[in-house]
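Start at 1 and go down the list; that is how both ligands and their atoms are numbered. The structure presented is a predicted model; accordingly, all values stated were derived computationally and were not measured.
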Amino acid sequence: MVKQIIFAVTLLVTIAVFTFTIQRIIRYFKLTRRAFAVRDLGKRFWVMFEVAFVQTKIFRKPVIGLFHALVFWGFCVIAFGSIEMIIDGLFRTDHFLSILGPVYTLIVASGDIFGLVVAVCIAIFLARRLFFHIRRFEGTEMKKVSHMDANIALTMILILMISLLGMNMAFVAIHTGAEAGTPGIYPVSRMFAGLFSSMPAGQINMVYECCWWLHILMIFVFANVLPYSKHFHVFMSIPNVFLSRLEPLGKLPNMDNITREVKLMLNPESIADMAAGEPVIERFGVKDIEDVSWKNYFDSLSCTECGRCTSVCPANLTGKLLSPRKIIMNVRARMKEKGPGLVKEGMSYSDKKSLLRDYITEEELWACTTCNACAKECPININHPTLIIDMRRYLVMEEASAPSGIKWIFGNIENNGAAWQFSAEDRLKWAQDLVIHVN
Ligand code: SF4
Ligand code: SF4
């Protein structure tokens with residue numbers, strides 16, 4: 001009974017802290033602008049299945065991709081055991097979900113195997129970060145705290161797997177030779193359960209209890225640490241893939257306020273309908289965090305900081321300042337900085353800083369070739385170029401600021417209706433001396 005009460009209180013505290021964090025994040029979402037409407041649910045589920053569950057994009061790097069995919073699939077299976085532990089902890093049951101019979105046996109056996117597989121993969125990930133110089137993990141945006149964050153989360157996962165295997169081994173050892181046998185099959189733990197053979201039953205029970213509590217407490221702590229870490233992608237990446245932009249990568253979204261102006265010019269009578277349904281956007285493009293869309297912010301919370309985007313960015317590869325990973329990380333950091341002030345004091349709040357220039361420089365923005373390699377490579381379908389373009393839109397439309405080569409093109413478009421410096425009447429001059437033979 002005491003164990004049950006302690007468990008219930010711990011669970012309640014976990015849920016309370018988690019709810020508080022999520023509420024805070026929802027308040028930040030309310031500060032953002034609208035993006036596209038979430039339609040085509042069938043297509044979205046297919047993309048989610050393909051990209052999130054089958055992990056198709058991660059396999060572009062086959063070896064490390066396989067390790068990552070195994071960890072993901074392992075988490076999905078092991079989550080089943082965690083749900084069972086919560087039920088057992090609350091209601092004093094013992095392996096409650098064993099009522100599922102053969103399905104339970106299959107899931108428990110897979111969970112036991114995945115426990116070892118995930119532990120090995122995580123140990124490899126940790127070793128890569130600690131002892132090898134992986135270029136993808138470096139960059140100006142990858143501060144010491146980013147590396148620490150990753151290492152702490154990986155260590156926590158490793159402890160989770162070790163405690164899971166310890167718990168399973170002790171459980172098998174306790175039930176060895178028992179007439180009724182153990183619920184479920186534990187192929188890996190059975191191999192190592194012999195390690196407990198010289199221990200008295202009381203001590204094995206103690207090991208089981210310690211591992212059980214360590215495992216469940218780590219899950220509770222992990223759930224509350226994740227939202228403050230890059231490993232928040234554990235929760236966010238699947239929904240982020242579901243909410244992917246479904247349009248072709250090269251197609252830029254229209255700007256709501258420009259569309260509105262054009263519609264008004266074409267049909268002035270539509271002003272009443274528009275005023276009712278569409279928000280009035282005061283600023284063109286993105287200057288600061290309140291100008292980004294909810295999808296930009298969602299992307300920033302989902303980013304795994306894996307650096308796959310930056311590793312294929314031609315601007316970054318040729319030594320330019322631009323790193324698409326940094327752009328996404330900056331959105332998250334800026335919301336963390338300005339979000340509380342905006343929530344407290346309203347949208348007029350200013351801290352005399354902005355996402356543009358204090359976080360992302362003009363040089364970075366204009367280095368982008370809009371090739372979309374970053375968006376294509378991102379394993380969770382984050383779209384960087386749309387945000388970069390929106391920030392450029394702000395520079396051009398609000399500040400008339402652009403590199404001189406581009407300003408020159410803008411001038412030509414304004415004066416000649418084309419990017420070139422020739423007037424419309426001169427366009428066919430190149431053809432005037434041509435001799436055309438007609439048969
Ligand atoms: S779209 Fe821009 S940021 Fe993305 S890879 Fe190409 S140049 Fe880099
Ligand atoms: S944006 Fe995508 S590819 Fe780039 S670091 Fe984040 S998750 Fe990785």
K.L.:
Before giving the answer on ring pair (Phe, Tyr, Trp, His ring centres under 6.0 Å), spell out for Y394 and F284 the whole-Å C-alpha distance, their side-chain angles and the decisive distance to 0.1 Å.
P.N.:
CA-CA 5 Å; Y394 168 80; F284 292 107; 9.6 Å; no
K.L.:
Any side-chain heavy-atom pair from P379 and R308 closer than 4.5 angstrom?
P.N.:
yes
K.L.:
Numbering the atoms of ligand 2 from 1, which are under 4.0 Å from a heavy atom of P379?
P.N.:
3 (S)
K.L.:
P385 heavy atoms, cut-off 4.0 Å: which ligand 1 atoms fall inside?
P.N.:
1 (S)
K.L.:
Near N372, which atoms of ligand 1 are under 4.0 Å from a heavy atom of that residue?
P.N.:
1 (S), 6 (Fe)
K.L.:
Determine whether the side chains of T310 and N316 contain a donor N or O and an acceptor N or O closer than 3.5 Å.
P.N.:
no
K.L.:
Which protein non-hydrogen atom lies closest to atom 6 (Fe) of ligand 1, naming both residue and atom, and how far is it?
P.N.:
C371 SG, 2.3 Å
K.L.:
Dump the intermediate steps for ring pair (Phe, Tyr, Trp, His ring centres under 6.0 Å) on Y208 and W213, then the final yes or no.
P.N.:
CA-CA 9 Å; Y208 176 78; W213 276 102; over 10 Å; no
K.L.:
Show which atoms of ligand 1 fall inside a sub-4.0 Å distance from at least one heavy-atom site of T369.
P.N.:
2 (Fe), 6 (Fe), 7 (S)
K.L.:
Test of understanding: with ring-ring contact (aromatic ring centres under 6.0 Å, His included), list the residues that count as partners of F45, not counting sequence neighbours.
P.N.:
F242
K.L.:
Run down the list C313, S323, A373 and name the one with the heavy atom closest to atom 8 (Fe) of ligand 1.
P.N.:
C313
K.L.:
D288 and S354: side-chain donor and acceptor closer than 3.5 Å?
P.N.:
no
K.L.:
Please tell me whether D88 and T93 have a donor and an acceptor in their side chains that are separated by less than 3.5 angstrom.
P.N.:
yes
K.L.:
Which ligand 1 atoms are under 4.0 Å away from a heavy-atom of T370?
P.N.:
1 (S), 2 (Fe)
K.L.:
Around atom 4 (Fe) of ligand 2, list the protein N/O/S atoms within a radius below 2.8 Å, excluding water molecules.
P.N.:
C309 SG
K.L.:
Within the supplied structure, the quantity of interest is the number of heavy atoms (other residues, nucleotides, ligands) at a distance under 6.0 Å from E399 CD; does it exceed 12?
P.N.:
yes
K.L.:
At what distance is the nearest protein heavy atom to atom 3 (S) of ligand 1, and which residue and atom is it?
P.N.:
L322 CD2, 3.5 Å
K.L.:
Does the ring center of Y186 lie less than 6.0 Å from the ring center of F171?
P.N.:
yes
K.L.:
Nearest protein heavy atom to atom 2 (Fe) of ligand 1, by residue and atom, and its distance?
P.N.:
C368 SG, 2.3 Å
K.L.:
Answer with yes or no whether the side chains of E290 and T32 bring together a donor and an acceptor at under 3.5 Å.
P.N.:
no
